[in-house]
Every structure is written in C-alpha cells, then in structure tokens.
> 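Here it is: the structure, laid out below.
Numbering of ligands and ligand atoms starts at 1, following listing order.
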Amino acid sequence: MILVPFGYMLQQAAKGGYAIPAFNVVNMETIQAVVRAAELEKSPLIVQLFREDLQFAGADYMVAMTQVAAANSSMPVALSLDHGHNFEQAKLCVDSGFSGVMIDLSSDDFDTNVRATQEVVAYAHERGVSVEAELGTIFDADEPAEVRSSGMTDPEQAREFVLRTEVDALAISIGTAHGLYSSTPKIDFALAKTIVEKTPCPIVVHGGSNTPDDDIAELVRLGVSKINVGTDLVMAFNDGVIAAYEKNGRTAQLRDITREGRDALIEMARHKIQVFNRHRKV
Ligand code: 13P
C-alpha cells in the first residue's frame, strides 16, 4: 500500500517523543511541497484535505497525486480527510483510497458524537483506514480569548469516548484554535498532559499555525503525537506567489509563479517539522 494508515505512525511518534506533521493542502504543488519537506527532514507525514476543499480538489485527484508523491519519497505518507462532517464524506474518502479520515461531530452532544464516530470507525477499520475524531470545541482563532478558552476537552469524557469508539486518534481542545489569533493563545498544558495520560489513543492538536513554537514543542514533549497546520502554509505559499508576480508581472510562466509558492511552503513545512522533532528520542 503506497499510502499508509496513520494509526501506527502516531503510536510510534508518541513513543519516540515527536509529532507527525499533518499538513493541509489542496493541489499538486502543495502536495509536492509537504512531501518534499518531510523527505528533507526525514519525517513521516500526513497529507490532509479539509472537507470544504473536497469538491475543489476531488477525492480521486487527491489520492492519485498523493500516491505519486509518496512513491517518489522514502518516508511513510498518509492521506486523510480533515474535519469530515458526516458518514458520506468519510465514505467517499475511504472508497477513493484515502488511508485515514477524520469525523468531527464535536459540536453535537456526546452520545451523537459517539454513535456517528462508531459508524465511521466500523466502515473505515474494515478497509484498513485510520480514524480521528474530536471532543471539545476548537474555535476559530479570531474569536476573543475568553471564547477560545471555553469548551475545553474533559479528560474523563475523552477516555470514555475512545474506549467506546476505538478511534485511532483524538483531537482535543486545550487552548489552540484555527487560523490567525486575535491575541496570544493560552494553552492549558496541565490539561493536555492529563488527557495524554488518561486517553488510550494518540492525541491530536489542531491550530498549529501562529501558535508559538515553544508552546508546540512543549505539547509534543507532553505526548501530543499529531499537529495540524494549515494557515501558516497557505500564507507562505501566497507570499511566494505574490513575490513572483511582483518580479515577473502578468505574463510570467505559471511554473515560475507556482515554484516560488511551493519553495516558500517547503521552508515553512520544514520549520514546523523541526519544531515537532525538538524533543525527539528515537
Ligand atoms: P491552522 O490553520 O490554524 O494551522 O489549523 C489547521 C488545522 O487545525 C486543520 O485541522
């Protein structure tokens, strides 16, 4: 299998004191960039597609492109759906050849979240595909600090959720958020540590952009084994593209424009991986 399920990858990371980068991408150039960065840093990788990009990118295109990139890489590569909202989205990705899916019903009540996750786990596991779910509320980073710190994950509930669903990874709310922060994030490290210790599966932190590197490295040291990054990669790509247009104008070759975006994304992804490996033991 060219694309590997992420369950085993994350267990190894938890033992080794590092985190697997889970990078959100949407097209060939961004897939090439993250796979190249992982290759250069000698890190396994999870390539991710956000549910709202499913229609734009096409699940089948994502599988084909990621397979080619993985075949040209010496590191293990997984392809997962990010924040899938229902069984149909997860099924589409599993049937298309993704090696992982996330089902996020964290905004529903606990029992609904458990039941829907169980359904996805049954379908995915039968086909050798890993599953991530979410418990607690991970807000958008432009919300005020007091909103962002509400809805943190309860450690007892996390344990019960994982025992009942048998997910391969659980995303938790401990103070990070998606996007650009309205003020410096305040992370509850003690809560993260308790959840890592009590929960019988690898733990995931979302909102890896714009969060101070030292905070991310500390979360990894405490045992978080997957960090999601989206916004910082998009901004790096955009910076590269903008600089290339400014230099070359509207008649520039597209390869010259997208190459600058890709190169800038590679540098940002490499930096993130170095942070995730800061306390690596093996
Ligand atoms: P950022 O865009 O804040 O990095 O968050 C990405 C993410 O968590 C995707 O699930």
> Could you find the nearest protein heavy atom to atom 3 (O) of ligand 1 and give me its residue, atom name and distance?
G179 N, 2.8 Å

> Would D232 count as a contact of ligand 1 if the rule is a heavy atom under 4.0 Å away?
no

> Need the ligand 1 atom indices (1-based, order shown) with element for anything under 4.0 Å from a heavy-atom of H83.
10 (O)

> Any ion pair linking D104 and R51 (charged N to carboxylate O, less than 4.0 Å)?
no

> At what distance is the nearest protein heavy atom to atom 10 (O) of ligand 1, and which residue and atom is it?
D82 OD2, 2.7 Å

> Taking atom NE2 of H279 as the centre, does the number of heavy atoms from other residues, nucleotides or ligands within less than 6.0 Å exceed 12?
yes

> Give the residue and atom name of whichever protein heavy atom lies nearest to atom 6 (C) of ligand 1, and the separation in Å to one decimal.
G230 N, 3.6 Å

> Would you please determine whether A177 falls within less than 4.0 Å of ligand 1 on a heavy-atom basis?
yes

> Take the angle between the ring planes of H83 and F50 and call it parallel below 30°, perpendicular above 60°, tilted in between.
perpendicular

> Nearest to atom 7 (C) of ligand 1, what protein heavy atom do you find, and at what distance?
H178 CD2, 3.3 Å

> Between S182 and E143, does any side-chain donor sit less than 3.5 Å from a side-chain acceptor?
no

> Got an N/O contact under 3.5 Å between V229 and ligand 1?
no

> Would one find more than 12 heavy atoms of other residues, nucleotides or ligands at under 6.0 Å from atom CZ of F189?
yes

> Here's one to test your reading of the geometry: is the NZ or CZ of R280 within 45 degrees of the ring axis of Y18 and under 6.0 Å from its centre?
yes

> Looking only at side-chain N and O atoms, does Q32 offer a donor or acceptor that is under 3.5 Å from a partner on R262?
yes

> What protein heavy atom is closest to atom 2 (O) of ligand 1, reported as residue, atom name and distance in Å?
T231 OG1, 2.5 Å

> Provide, to 0.1 Å, the distance between atom 4 (O) of ligand 1 and the closest protein heavy atom, together with that atom's residue and name.
S209 OG, 2.5 Å

> Any atoms of ligand 1 less than 4.0 Å from a non-hydrogen atom of G208? List them with their elements.
4 (O)

